2 protein chains.
Amino acid sequence: MNKISVWKTIATRITRDIAKGHYESGSKLPSEAELSKQFSVNRHTVRHAISALVEDGLVYTKHGSGTFVATKSIRYNVGKRVRFHQSAQALGHNANKRILNLSTRAADDEERKALKLRKGTEVHIFEGIGLIAGMPISHFIAAFPAKRFPDMLENLSQNSSITNSFKVVGITDYTRTLTRITSVIADTTTAKNLNLKTGSALLRSISINSDMDGKPIEYGRTWFSGDHIELTIEN
Amino acid sequence: MNKISVWKTIATRITRDIAKGHYESGSKLPSEAELSKQFSVNRHTVRHAISALVEDGLVYTKHGSGTFVATKSIRYNVGKRVRFHQSAQALGHNANKRILNLSTRAADDEERKALKLRKGTEVHIFEGIGLIAGMPISHFIAAFPAKRFPDMLENLSQNSSITNSFKVVGITDYTRTLTRITSVIADTTTAKNLNLKTGSALLRSISINSDMDGKPIEYGRTWFSGDHIELTIEN
DNA sequence: AAACATTTGTCCGTATGTATT
DNA sequence: AAATACATACGGACAAATGTT
């Protein structure tokens, strides 16, 4: 069955302890030797766990000194609440959506990973075309955990605003935890959706929105027409 | 002395070989057993090196199958204090620059507007190619107010680091006040600079850096190869 | 299908180096 | 100077996933 490795369980144990406030921000964890004694494992196993936490940015190590709980405030606060629609509206443009597809299906690997779902879990899919002043500007596909938001599709079909739909289910605020942007060439279907020639430049944005507890609630992919859109990040 | 660990030298060796095109994208690396024999080290040492490359996103491993060269692009963090060089280094890649042009001339309209300069004011121009592991990744043009930074060009020619050059003139800290990203198609000259075909997708980033008083000190334009770069915004 | 070889993943143990306290 | 703590490197053994015969 699902055998979980020792180092992973130790990593989650430490993570949990930190989350619980067992260790304060900036405080020193027990030494590797101590931890290995506590968990009755080899020191290397503890090191493996700690190394994973370092990667996550949860702790950091200081050679000869110890392992310390990282302070959260170091992280960059750029683009936390940047939404494209908002900025389009702020520009005074008439922005709306054309819905192409509202459905529920098993999450693919990409969606599962982003939303931290188990295999076979279902997601709601919200696909459409973003319009500004009647011009097709973007093609988007958004995925939401179906179990957590049973009525999402109905809400979306009525008001077609993701933010508002989240509000209905009690999520009044959420932040973008990841934005990844690449430049790609339009294939035939995307080009057709956006009224472009095949081979045009597109901005592809992949984003993850999370609730205030840090749980991912939306995985979005958007293709913007490169001719019409600029992504602006202001501090 | 500057003692470099064995696993690190192995990691850079493999990185270099991949950059050189020794291994194709998606192809399998020699097995851990083979590599450890090649480098005359323990298998664990090779594993340590590979693990670092996996973190960098340069390769990925498949349990029971092998280690493969990732087709993945290099992530570039756009953040308040994140700079190209830094983020590339943070990824463990060997990043440096090739200078194409250092000169002083009257600012064009775009530069004047961004740097808030009067008509006819001069700017220093710093143009070059950004390299990661020897591969051309970006083409950049940076403009600085000449009057405020008289010795900028000399500094840049010596250490070729913008951050360090600012330090020399007393600017120890500055933040990115604007980042604007669009997708464009490579023209012939840019394509040539970046070893791409004309018509490839590019990410064009326009940025303004300002000192702690909010005065703009740098106007930068960068064209990233869309194949190799992802812009990532994390909170 | 089943047995086998290959390859990565996990875990243990030991020793030594290097930075900090 | 000594003790403590993390970093590196070696070695061995078995598990788990994959590919081949």
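What you are looking at is a predicted structure, and each value in this text was computed from that prediction instead of being measured. So you know, we letter chains A, B, ... as the sequences are listed, proteins then strands, and number each from 1.
- Of the N and O atoms on the side chains of B:His139 and B:Glu127, at least one donor lies less than 3.5 Å from an acceptor on the other residue.
- Regarding contacts with the backbone of D:dA7, every side-chain N or O of B:Ser5 stays at 4.0 angstrom or more from both OP1 and OP2.
- Atoms CD1 and CE, from A:Ile217 and A:Met152 in turn, are 7.5 Å apart once rounded to the nearest 0.5 Å.
- In the displayed structure, A:Lys147 atom NZ is contacted under 6.0 Å by at most 12 heavy atoms of other residues, nucleotides or ligands.
- Between atom OG1 of residue A:Thr222 and atom CG of residue A:Leu203 there is a gap of 10.5 Å, rounded to the nearest 0.5 Å.
- Computed from coordinates, the A:Lys28 NZ to C:dT20 C1' distance equals 10 Å when rounded to whole Å.
- To the nearest 0.5 Å, the span separating CZ on A:Arg13 from CG on A:Leu35 amounts to 10.0 Å.
- Residues passing the ring-ring contact (aromatic ring centres under 6.0 Å, His included) test with B:Phe140 are B:Phe126, sequence neighbours excluded.
- Heavy-atom nearest nucleotides on DNA chain C were determined for B:Gly66 and for A:Lys8, and the one closer to the 5' end corresponds to B:Gly66.
- Applying a 4.0 Å cut-off to non-hydrogen atoms, the residues of residues 35-48 of chain B that approach DNA chain D are B:Val41, B:Asn42, B:Arg43, B:His44, B:Thr45, B:His48, listed by residue number.
- Between B:Glu32 atom CD and C:dA5 atom C1' there is a gap of 16 Å when expressed in whole angstrom units.
- For the helix from C:dA2-D:dT21 to C:dT21-D:dA2, the rotation axes defined at the first and last 5 base pairs enclose an angle of 10°, given to the nearest 10°.
- Annotation for A:Lys215: atom NZ does not count as buried by contact number, only 12 or fewer foreign heavy atoms lying within 6.0 Å.
- Taking atom CZ on B:Phe68 and atom C1' on C:dT8, their separation rounds to 10 Å, with Å as the unit.
- Taking the side-chain contact (heavy atoms from CB on, under 4.5 Å) definition, one finds that B:Ile18 meets it with B:Ile14, B:Tyr23, B:Leu58, B:Val59, B:Val69, sequence neighbours left out.
- A donor-acceptor pair shorter than 3.5 Å can be found between the side chains of A:Thr190 and A:Asp187.
- Atom CD in B:Glu34 sits about 11 Å away from atom P in C:dT6, given to the nearest Å.
- Residues meeting the side-chain contact (heavy atoms from CB on, under 4.5 Å) test with A:Asp151, sequence neighbours left out: A:Asn155.
- A:Glu110 CD to A:Tyr219 OH: the interatomic distance, rounded to the nearest 0.5 Å, is 3.5 Å.
- With rounding to whole Å, A:Ile4 atom CD1 is found 12 Å from C:dT10 atom P.
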field: Nucleotide-resolved protein contact map, nucleotides 15-21 of chain D, B/S/- at heavy-atom distance under 4.0 Å
entry: -BBB---
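- If you take CD1 of B:Ile10 and P of D:dA9, they are 8 Å apart, rounded to a whole angstrom.
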